[in-house]
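What follows is a single structure, written as C-alpha cells, with notes after it.
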Amino acid sequence: MAAGNVDFRTCNYTTARDPRVILLEDMDQFEVQVFEAYHQRGFPRVVVNYAGLITAVSYEAKKLGINRDATPRAQDALKICRNLILIQQPQDADIKLKEASYKIRLAVDSVLQSLNPPPVFQYSSPDESYIDITAYIDSMEERYGYDNLVHQDLKYWENCSQEVRLIYGSLIGARIIKKILQATNYQSSIGIGCNKSIAKIGSALHKPGSITILAPTGLQQFAEFVKIEGISGLGGKLGDVIKHKFGVETMLDLQNVRHVRLAKTVTFNGNWIGYEKATVILNKAYGLCDDEVVPIKYASTATVSHQFYGHTFTRTQYMTEILELYVDKMLERLHFEKRNHNRTPTTLKFSIFLTNRNNIHAKLENVMWHEINNKGKMIDSFGYDNTSIIPQYWDKNAQVDKVQIVAKFADNPTQVYAVSAFSFMF
DNA sequence: CTTGGCTAGTTTC
DNA sequence: TGAAACTAG
C-alpha cells in the first residue's frame, strides 16, 4: 500500500504513513572514481571532457566552490584552484562508465538475490538505482515477530515500527555499499525512506560514503532546509518557475502553495502543468510520493552523440566524416549492449541538431535535407546492408526509422556548430 | 567582449 | 507517433 490520495491541505503527514522501505543507491563522485589515477586521491580534482567542460567534481574540489554551475569550464575552475587536478575523459568515456555501472549492478544484485524475497531493483541512471526491500522486511517480521526482531536498544522507540523497519533497511544498505566497494573499489552512499522522493533526498545529505535514513516523523523538522531544487524533478525549469511565481525557496514553503495556483503554473511549452502534476508536486513537498520501484535493469534506448565544431554539414564530405567517426562508437555501444544486456536494437534513428548562429539556418536546413534525407544512401555508407558489420548486432526485424532533423537556434549566435546523434531502440 | 558549454535519457504534446 | 521540450549530471 502506497501513500494513496492524501489531502495535503489537512495532512499531518506523520499520520500518512507509507509502509515501504526504499533505498536509493548513489555512487559518490562517480566519474571521478572511475577515471581518477590512483595516486591522485585526496586532492581537488575534476573530470574534464574533450571540449574542456567539467563533467564531475571531487569532494575536495567542491569544498573550494568548484561546481558545474559556477565553474562549468576547466579554465574557470583553475582560477579558483591553481593546483586542481584535471582528469581528462578517455575517448570511450561513456562505455567505461557503462562498464563500471554494470559491475556495480552485478554487485548490488548479488546482495539482493541473497534475500528472500529478492527486492525490486530499478536502474535509474548509470550511478543510481532504487531498491524496494519492503517485501523482505515484511517477511523478516513475519518470520521472527516484531518483538524478537527488534534489538533491545531499539525498543525505547514506542510505536515506531516504521522507523525500525527503515533501520533494518540500513543493514541491507550497508551490505550493498560494502559489496560495491569489494567488487569495484568505488564508494557509494545510500538514502533510505518510505518512498523514492525521500530516499533520493536522503542519499545526497551525507555524501560521501554514508547511509542516511529519513523517517517521516522527522522530515518536517528539516523540510525548511531542503531547497526546492533538491527535490527530484524540480531541479530545472519547472522548479525555477515555481520558485519565481510563488516566491518559495524550500520544501516547507512549497507546502503552502495553493493547489489550484500550482496547477495553473505555466511551463512545458506554455501549457499549465495541470492538477494531477500539481498534486504530485505538493505531495513531494509533504514528503509523500506514490511512485513505485519498478523492475528496470537498464535504459530502454541507447544513444551515441557528438558535437562537431565548425561543421555546417553543408557538404557531403562532412556527412562521410560523421559516419566514419561514428562507426567505432556505435559498434562499441552495440558490443556492450549485446555482451552485458544480451539485446540487439530494432530501430535506428539519426538526428542532427543544428545551432546556426549566423542566421543562415534556412539555407543550411535545405541543404541538409538533400544531403541526408536519402537515408538509404546514408545508411549504406556505414554499412547497413547485407555485408555490413552492423547486422550481427541487429534484430532480424530491424527497421530503420526515418531521418529526423531538428534545427535549434541560439539567441546570441556567434558560431556555427552542429550536434548529431544516433539512437538505438530496443 | 568572446558564446554557456556537453551527452544521454525521459516526458509531453 | 514524431518532434520538441525537458531533466540530470
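Predicted, not measured: the structure shown is a model, and the values here were computed from it. Naming convention: chains lettered A, B, ... in sequence-line order (proteins, then strands); numbering from 1 in each chain.
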B:dG4 and C:dG9, which share atom name P, separated by this distance in whole Å
23 Å
Closest of B:dC13, B:dG4, B:dG9 to the A:Pro72 side chain is B:dG4
Students often get this wrong, so: under 4.0 angstrom with heavy atoms, is A:Gln29 touching a base, only sugar-phosphate, or nothing?
nothing
Salt bridge between A:Lys243 and A:Glu249, side-chain N to carboxylate O under 4.0 Å?
no
Mind calculating the distance between CG (A:Asp291) and C1' (B:dT10) to the nearest angstrom?
13 Å
Calculate the interatomic distance between A:Phe30 atom CZ and C:dA8 atom C1'; express it in whole Å.
15 Å
A:Asn195 side chain to A:Ile198 main-chain N or O, any donor-acceptor pair under 3.5 Å?
yes
Hey, does A:Asp94 reach any base, or is it just sugar-phosphate, or nothing, if we go heavy atoms under 4.0 Å?
sugar-phosphate
If you assign A:Asn271 and A:Tyr123 each to the DNA chain B nucleotide with the nearest heavy atom, which residue ends up on the more 5' nucleotide?
A:Tyr123
OP1, OP2 of B:dT11 versus side-chain N and O of A:Lys277: anything below 4.0 Å?
no
Write down the distance separating the C1' atoms in B:dT10 and C:dT1, rounded off to the nearest Å.
16 Å
For a quick check of understanding: with a heavy-atom distance under 4.0 Å over all strands, which category does A:Gly233 fall into, base, sugar-phosphate or nothing?
sugar-phosphate
Ion pair A:Arg165/A:Asp138, N-O distance below 4.0 Å
yes
Side chain of A:Lys98 only, heavy atoms from C-beta on: which candidate in C:dA8, B:dA8, B:dT10 is closest?
B:dA8
Just the rounded figure in Å: distance from C1' of C:dG9 to CD1 of A:Ile66.
17 Å
Atom CD1 of A:Ile273 to atom P of B:dT11: distance rounded to whole Å?
16 Å
Round to the nearest Å and state the distance from A:Ile296 atom CD1 to B:dT11 atom C1'.
14 Å
Output the rounded distance in Å from CD1 (A:Ile54) to P (B:dG5).
16 Å
Kindly write out the residues that satisfy ring pair (Phe, Tyr, Trp, His ring centres under 6.0 Å) with A:Phe246, not counting sequence neighbours, or none if the list is empty.
none
Between P on B:dA8 and CG on A:Leu97, what's the gap in Å once rounded to a whole number?
10 Å
Given C:dA4, is OP1 or OP2 found less than 4.0 Å from the side-chain N or O atoms of A:Lys237?
no
Using OP1 and OP2 only, check whether a side-chain N or O of A:Lys200 sits under 4.0 Å from C:dA8.
no
Rounded distance in Å - CD1 (A:Ile201) to P (C:dA8):
12 Å
Can you check whether A:Arg333 has a side-chain N or O nearer than 4.0 Å to OP1 or OP2 of B:dG9?
yes
Is it true that a side-chain atom of A:Gln187 and a backbone atom of A:Leu181 form a donor plus acceptor pair closer than 3.5 Å?
no
Using a heavy-atom cut-off of under 4.0 Å over every strand shown, decide if A:Ser125 touches base, sugar-phosphate, or nothing.
nothing
Ion pair A:Lys196/A:Glu292, N-O distance below 4.0 Å:
no
I'd like the P distance from B:dG5 over to C:dA5, given in whole Å.
15 Å
If you check every side-chain atom of A:Leu238, which of B:dG5, C:dA8, C:dT7 has the closest atom?
C:dT7
